[in-house]
Amino acid sequence: MRKLIVNVLVLSFGGQFSRSKLPPNTYIVGKRGVLEVTHLGGSKGDLVIKFYVIRDKNSLTRFLSSNLAKKIDMLLAYYGEDVLESLNMVKKAFSSIKVLIIGKEDLADVTAGDVKVLSGELSFQDIVENINQILETRVEVPSVFSVAQLREEISILKNFISRLDDELRRRTITVKEYFEEKKKLEERINVLERRLKTIVGGC
């Protein structure tokens, strides 16, 4: 099975994404002018989805000029009149990107092309499932882990473990939750480190 990282740019000008209930294996890892959310696992155990959530046009402009923009595989947009202009701006930057739009069935005024319109009442898990479906039909979207990607994911996961340690000290999680989550993270780190050793050893 290929190990995949998929980077999704999210246009959520009304704050809709932030109101989604995130499952335990999903982490908000920081703010870089945008909300960055990392989702691990799911139906494909080796799939990592990174959501870069944009909340206004100015942030989108800054994002498109940053190095992060080079990583984007897919666009997820919550429908709104102020999103359409930005949607077409993103399509110019990423001509072959797959677009998911949430929240409106009649989108005759959208000229972006390659657009899939989704229901407005989707849960976070529904979004992940739709992304999985696209990955199954578009083999060119995500690529096999590179050495840099593997090292980045290992670093992120180790930071998650440090955060768990802090949460346990502050007693914001139970001891049982701590060990369950830490075990999952350590298992994933071990898998990635073995994969990294295989790649580096084969160079």
> Is there a side-chain contact (heavy atoms from CB on, under 4.5 Å) between I156 and Y27? Walk through the geometry before answering.
CA-CA 10 Å; I156 288 172; Y27 303 86; over 6 Å; no
> Quick one: sort the H39 and F124 rings into parallel, tilted or perpendicular, breaks at 30° and 60°.
perpendicular
> Measuring from L60:CG to S65:OG, what's the distance to the nearest 0.5 Å?
9.5 Å
> With sequence neighbours left out, write down each residue that passes side chain to side chain donor-acceptor pair (under 3.5 Å) with Y178, or none if nothing qualifies.
D165, K182
> How far does CD1 of I72 sit from CG of L64, to the nearest 0.5 angstrom?
9.0 Å
> Kindly write out the residues that satisfy side chain to side chain donor-acceptor pair (under 3.5 Å) with N58, not counting sequence neighbours, or none if the list is empty.
none
> As an exercise, state the distance from CG of L76 to CD1 of I49, rounded to the nearest 0.5 Å.
10.5 Å
> Would you mind reporting whether L35 and V10 have side-chain heavy atoms less than 4.5 Å apart?
no
> Less than 4.0 angstrom from a charged side-chain N to a carboxylate O is my criterion; do E181 and K184 meet it?
yes
> Side-chain contact, heavy-atom cut-off 4.5 Å: L22 with F51?
no
> Quick one: side-chain contact (heavy atoms from CB on, under 4.5 Å) partners of E167, sequence neighbours excluded?
R163, L164, R170, T172, I173
> Which residues pass the side-chain contact (heavy atoms from CB on, under 4.5 Å) test with K176, not counting sequence neighbours?
T174, E180
> What closest approach, in Å, do G14 and R19 show between heavy atoms, and which atom pair accounts for it?
O-NH1, 3.2 Å
> Evaluate side-chain contact (heavy atoms from CB on, under 4.5 Å) for F13 paired with I54, printing each intermediate quantity in order.
CA-CA 7 Å; F13 292 174; I54 305 293; 4.1 Å; yes
> Could you work out, with side-chain contact (heavy atoms from CB on, under 4.5 Å) as the rule, every residue matching S123, not counting sequence neighbours?
Q125, D126
> Using the side chain to side chain donor-acceptor pair (under 3.5 Å) criterion, which residues pair with D56? Sequence neighbours excluded.
S59
> Who pairs with N7 by side chain to side chain donor-acceptor pair (under 3.5 Å), at least two apart in sequence or on another chain?
none
> Can you name the ring-ring contact (aromatic ring centres under 6.0 Å, His included) partners of F63, sequence neighbours left out?
Y52
> Taking side-chain contact (heavy atoms from CB on, under 4.5 Å) as the test, write out the residues that go with R171, two or more places apart.
none
> For residues S20 and Y78, report the shortest heavy-atom separation together with the two atoms involved.
OG-OH, 4.0 Å
> So which atom in V6 and which in D73 form the shortest heavy-atom distance, rounded to 0.1 Å?
CA-OD2, 3.5 Å
> In the structure I gave you, are the side-chain heavy atoms of I161 and I189 within less than 4.5 Å of one another anywhere?
yes
